[in-house]
Amino acid sequence: MTLRLDEPPAVVGAGIGVHGVATTHDVFRLPDLWQLHLYHYEGTLSLGRSAHAIRPGHVSLVPPDTEVHFRYRGRSEHLYVHLRLPRGGSARTVPVMQDAADEGPRLADLLRHAVTAVPTAPPHATAAVWAALWRIAELPGSEGDGQVHPFVAAARAHVEERLAGPLSVPDVARAVGISHTHLTRVFRAETGRTVVAYIRHRRLQRARHLLLSSTLSVTAVAAAVGIADLQAFNKACRRELGASPREIRAASPDSLAPRGTG
């Protein structure tokens, strides 16, 4: 199935479904809505000739206008959301059924929040479901455009959390739990950049944001992105962003001036 998650979904309904009490077999379809289920039981989900085992902690996504057959083994409960997805944006391929594994508890929390928020706080429900869909799209069985090697994802997260401090490739590799050489190889293969180039790029992108959107002095911006030496910061801005820090700030629509000396 193809998901498009660049924009939030429209959550039409959410709740806890209780089945398998009066019958062991349900058949239905939603003509205009996607079905998202997180299961707490064992059973079978069938779409046409395709059958998928249901296990506790499994999550399924069924596209609109699809006839589904559920077979139960007694009383069966699942969290469900009925939603519309945007038609535009990046496409991500997701299996009908996946084992959420370690993500299961977090998905359950998000969907429970959605269930309780739908009647009184629909935007809160939308936010929870959108977050859940992104987590589902990033499960190991998915093949979306946003998928990255787990070591690369861990390295990026480590870098983002520590942009203001010293960062070296060996430090990042140790945090990820692999060798310097291995990280260098997989990072370049995945991103087309070296780790050093990625760190520099992210520091300068954050600097650009702070220069344009805050009143922090240039000195403070440089320190906030881990480049304490102003001469080095000026050179890095010119090289990466094509302008000096003061020129970047002067281009701000709000003409934000730095406070203090820079």
Side-chain angles (χ1 to χ4, degrees), residues 1-5 8-85 90-118 125-150 153-154:
M1 294 176 308
T2 300
L3 299 183
R4 300 184 188 275
L5 302 178
V11 177
V12 178
I16 298 175
V18 179
H19 302 274
V21 177
T23 178
T24 61
H25 181 207
D26 282 332
V27 183
F28 65 94
R29 67 184 177 90
L30 300 180
D32 302 312
L33 301 175
W34 286 78
Q35 303 174 46
L36 165 60
H37 291 166
L38 180 63
Y39 299 98
H40 306 312
Y41 59 88
E42 294 189 357
T44 305
L45 167 67
S46 300
L47 294 77
R49 297 181 180 179
S50 174
H52 305 271
I54 295 172
R55 298 284 185 271
H58 281 204
V59 61
S60 70
L61 272 163
V62 176
D65 203 26
T66 302
E67 184 176 278
V68 290
H69 293 245
F70 285 94
R71 296 189 182 277
Y72 313 106
R73 303 177 186 177
R75 180 185 172 89
S76 303
E77 293 188 9
H78 57 237
L79 288 158
Y80 73 85
V81 179
H82 296 160
L83 62 144
R84 293 188 180 92
L85 289 175
S90 311
R92 297 168 185 275
T93 302
V94 177
V96 170
M97 184 76 71
Q98 296 186 84
D99 182 358
D102 292 342
E103 282 292 310
R106 179 58 179 154
L107 287 176
D109 286 343
L110 288 168
L111 297 186
R112 288 191 188 99
H113 282 310
V115 169
T116 57
V118 162
T126 295
V129 172
W130 199 9
L133 289 169
W134 273 106
R135 288 178 176 269
I136 291 166
E138 292 170 353
L139 290 171
S142 302
E143 299 176 355
D145 292 340
Q147 288 299 298
V148 297
H149 193 290

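All heavy atoms count here, side chains included; hydrogens, waters and symmetry mates do not. Small disclaimer: the values here were computed from a predicted structure and weren't measured.
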Interatomic spacing from CZ in Arg92 to CG in Leu5 - rounded to 0.5 Å: 6.5 Å
Would a 4.5 Å heavy-atom cut-off, applied to side chains only, mark Arg29 and Asp65 as touching? yes
From Gln35 atom CD to Leu83 atom CG, the distance as rounded to the nearest 0.5 Å: 9.5 Å
Could you tell me the separation between the CH2 atom of Trp34 and the CG atom of Leu61, rounded to the nearest 0.5 Å? 6.5 Å
Taking the side chain as everything from C-beta on, heavy atoms only, tell me whether Thr126 gets closer than 4.5 Å to Pro9. yes
Rounding to 0.5 Å, atoms CZ (Arg4) and CG (Leu133) come to a distance of 14.5 Å
Has the side chain of Thr116 got a donor or acceptor atom that lies under 3.5 Å from a matching backbone atom of Ala114? no
Correct closest heavy-atom pair for Val81 and Ala14 would be CG2-CB, 4.0 Å
Would you tell me whether Tyr39 and His37 have side-chain atoms, one donor and one acceptor, within less than 3.5 Å of each other? yes
Ring pair (Phe, Tyr, Trp, His ring centres under 6.0 Å) against His25, all qualifying residues, sequence neighbours excluded: His69
Leu36 and Leu79, any side-chain heavy atoms less than 4.5 Å apart: no
Which pair of non-hydrogen atoms, one from Ala91 and one from Thr2, has the smallest distance, and what is that distance? CB-CG2, 3.5 Å
Is any side-chain heavy atom of Val12 less than 4.5 Å from a side-chain heavy atom of Asp32? no
All heavy atoms of Ala132 vs all of Leu107, minimum pair found to be O-CD2, 3.6 Å
Nearest non-hydrogen partners of Ala100 and Val59, listed with the distance: CB-CG1, 4.5 Å
Nearest atoms (heavy-atom pairs only) where Leu38 meets Gly104: CD2-O, 4.1 Å
Is there a side-chain contact between Ile136 and Gln98, using heavy atoms and a 4.5 Å cut-off? yes
Euclidean distance, Ile16 CD1 relative to His40 NE2, rounded to 0.5 Å: 6.5 Å
Looking at residues at least two apart in the chain, or sitting in another chain, which of them share a ring pair (Phe, Tyr, Trp, His ring centres under 6.0 Å) with His52? none
Note: Tyr41 and Glu77 closest approach over all heavy atoms is CD2-O, 3.0 Å
Rounded to the nearest 0.5 Å, how far does NE2 of His58 lie from CD of Glu42? 9.0 Å
Close side-chain approach of Thr44 to Phe70, heavy-atom, < 4.5 Å: no
Hey, is the main chain of Pro63 close enough, under 3.5 Å, to the side chain of Thr66 for a donor-acceptor pair? yes
Heavy atoms of other groups near Asp102 CG, more than 12 under 6.0 Å: no
